[in-house]
Amino acid sequence: MREVGCPEEDLFSFLSSKRREDLGYRNILSSMCTPPHPIAARVHAMFLETNLGDPGLFPGTAALEDLLIRRLGALMHHPDAGGYATSGGTESNIQALRIAKKLKPVKSPNVVIPASGHFSFTKACDILGLEMRTAPLDAGFRMDAEAADGLIDDNTIAIVGVVGTTEYGMVDPIGRLSEIALERGVFLHIDAAFGGMVVPFLDNPVPFDFSLPGVSSISVDPHKMGMSTIPAGCLLTRNPEWFACLNVDTPYLTVKKECTLAGTRPGASVAAAVAVLEYLGRDGMRAVVAGCMENCRRLIEGMETLGYPRAVTPDVNVATFSCGRAPPGWRVSTTRNGHMRIVCMPHVTRDVIERFLADMGDIDA
Ligand code: PLP
């Protein structure tokens, strides 16, 4: 640390130079994040100093967290779901498996996860000492539910299904997983970190949430398609009481128990998340999602016209192609199977898609 502080002007000029090294979202096609909605940015600034780690000091912000959980619970067909605002999908997935493990104390616990599962499950299994059993995918990049069933045994504490897979944008057969979970008496966690803010706003949404009786918990991230500021995730549970199994005593706080993974927690991004939901409503979210899906379809059509076939027709706004090259200046990503992957987030507008397609056409010219 410096002995004497840096003059403000010099500091900001240094910070600006670093900020300029960041890539603008303009040409980023690989991210599941997006610039926050202007409402989110404004609300974030308003709640900057709030700390949900000690909710008794910030009862207004804590009420907004409750409102966020109620709104997302209702969206997932369970207005009385339990839940709290996490730092994102990783924390939600860890905490869901932590609950599942506490609810079923066995000697050698295992969890059944689709091969498409996000790498946060590798972290969760490592932290929680769980054997990770990987269920294969079918030809359409969705979890093979029957193969998953075959991996379940008496030591299985949970099975996981994904709604909006990170790499291919697929929705696993959650209806069938729900039946299996009920038949086998196993906790079913749904990782809808991405798709949870997409599928409910599609024209004909497939059931994936608490409307299916076997679904135990759901991860859904406002900082992805919810256009909130970072960090804003949510873990929802069918039974609000389950969180009690995570409680630790917190004697010097305004609340005497805490079930969250983090201690100090930002209120700003949580207030921002609920503000976007209130501002847009279901109608506004439907419009955002319809635009992203339309752009995704246009991208697929345009890439196929250029001779790059889709890897699969996605269920949500993630497009993948048999294509090994991207034009200079564009950030795309590559899946484990070597497909080009583009996430059609709200900042990936029709204009961006057309510019990208034109540049793709030029590299072949
Ligand atoms: N689950 C899914 C399906 C994801 O796509 C991601 C991130 O992309 C995560 C979990 C992890 O979320 P986070 O990066 O917010 O921890």
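Atoms within each ligand, like the ligands themselves, are counted from 1 in listed order.
Partner of Y84 under the side-chain hydrogen bond (donor to acceptor under 3.5 Å, both in side chains) criterion, out of E91, R265, E65: E91 alone. Between N93 and the choices H118, K123, H189, the side-chain hydrogen bond (donor to acceptor under 3.5 Å, both in side chains) rule is met once, by H189.
Nearest to atom 11 (C) of ligand 1 among the protein's heavy atoms is H118 CE1, 3.2 Å. Of the protein's heavy atoms, D191 OD2, 2.6 Å lies nearest to atom 1 (N) of ligand 1. With hydrogens left out, the protein atom closest to atom 5 (O) of ligand 1 is T166 OG1, 2.8 Å, a heavy atom.
Residues V162 and F194 fail the side-chain proximity criterion, which asks for heavy atoms closer than 4.5 Å. Residues I127 and I94 meet the side-chain proximity criterion, which asks for heavy atoms closer than 4.5 Å.
We find that D154 and R184 are not joined by a salt bridge, their nearest charged nitrogen and carboxylate oxygen being 4.0 Å or further apart. D22 and R19 are joined by a salt bridge, as a carboxylate oxygen and a charged side-chain nitrogen come within less than 4.0 angstrom of each other. We find that R286 and D203 are not joined by a salt bridge, their nearest charged nitrogen and carboxylate oxygen being 4.0 Å or further apart.
Below 4.0 Å from some heavy atom of G88 lie the following atoms of ligand 1, by number and element: 15 (O), 16 (O). Within ligand 1, the atoms closer than 4.0 Å to a non-hydrogen atom of A193 are 1 (N), 2 (C), 10 (C), numbered from 1 in the order shown. In the vicinity of D221, heavy-atom distances shorter than 4.0 Å reach the ligand 1 atoms 12 (O), 15 (O). Near M32, with a cut-off below 4.0 Å to any heavy atom, the atoms of ligand 1 are 5 (O), 8 (O). If you number the atoms of ligand 1 from 1 as listed, the ones under 4.0 Å from a heavy atom of H223 come out as 15 (O).
Under 4.0 angstrom from ligand 1, there are no non-hydrogen atoms of T165.
In this structure, K224 counts as a contact residue of ligand 1, since one of its heavy atoms falls inside 4.0 Å of the ligand.
For ligand 1, the polar-atom distance check finds an N/O of G89 within less than 3.5 Å of one of the ligand's N/O atoms. By the 3.5 Å distance cut-off applied to N or O atoms, E91 is not counted among the residues near ligand 1. On a distance-only criterion, S120 and ligand 1 share no N/O pair closer than 3.5 Å. For a threshold of 3.5 Å applied to N or O pairs, the pair formed by T90 and ligand 1 contains at least one separation below that value.
Within a 6.0 Å sphere centred on CZ of R176, other residues, nucleotides and ligands contribute more than 12 heavy atoms.
The CG atom of N239 lies 11.0 Å from the CG atom of D80; values are rounded to the nearest 0.5 Å.
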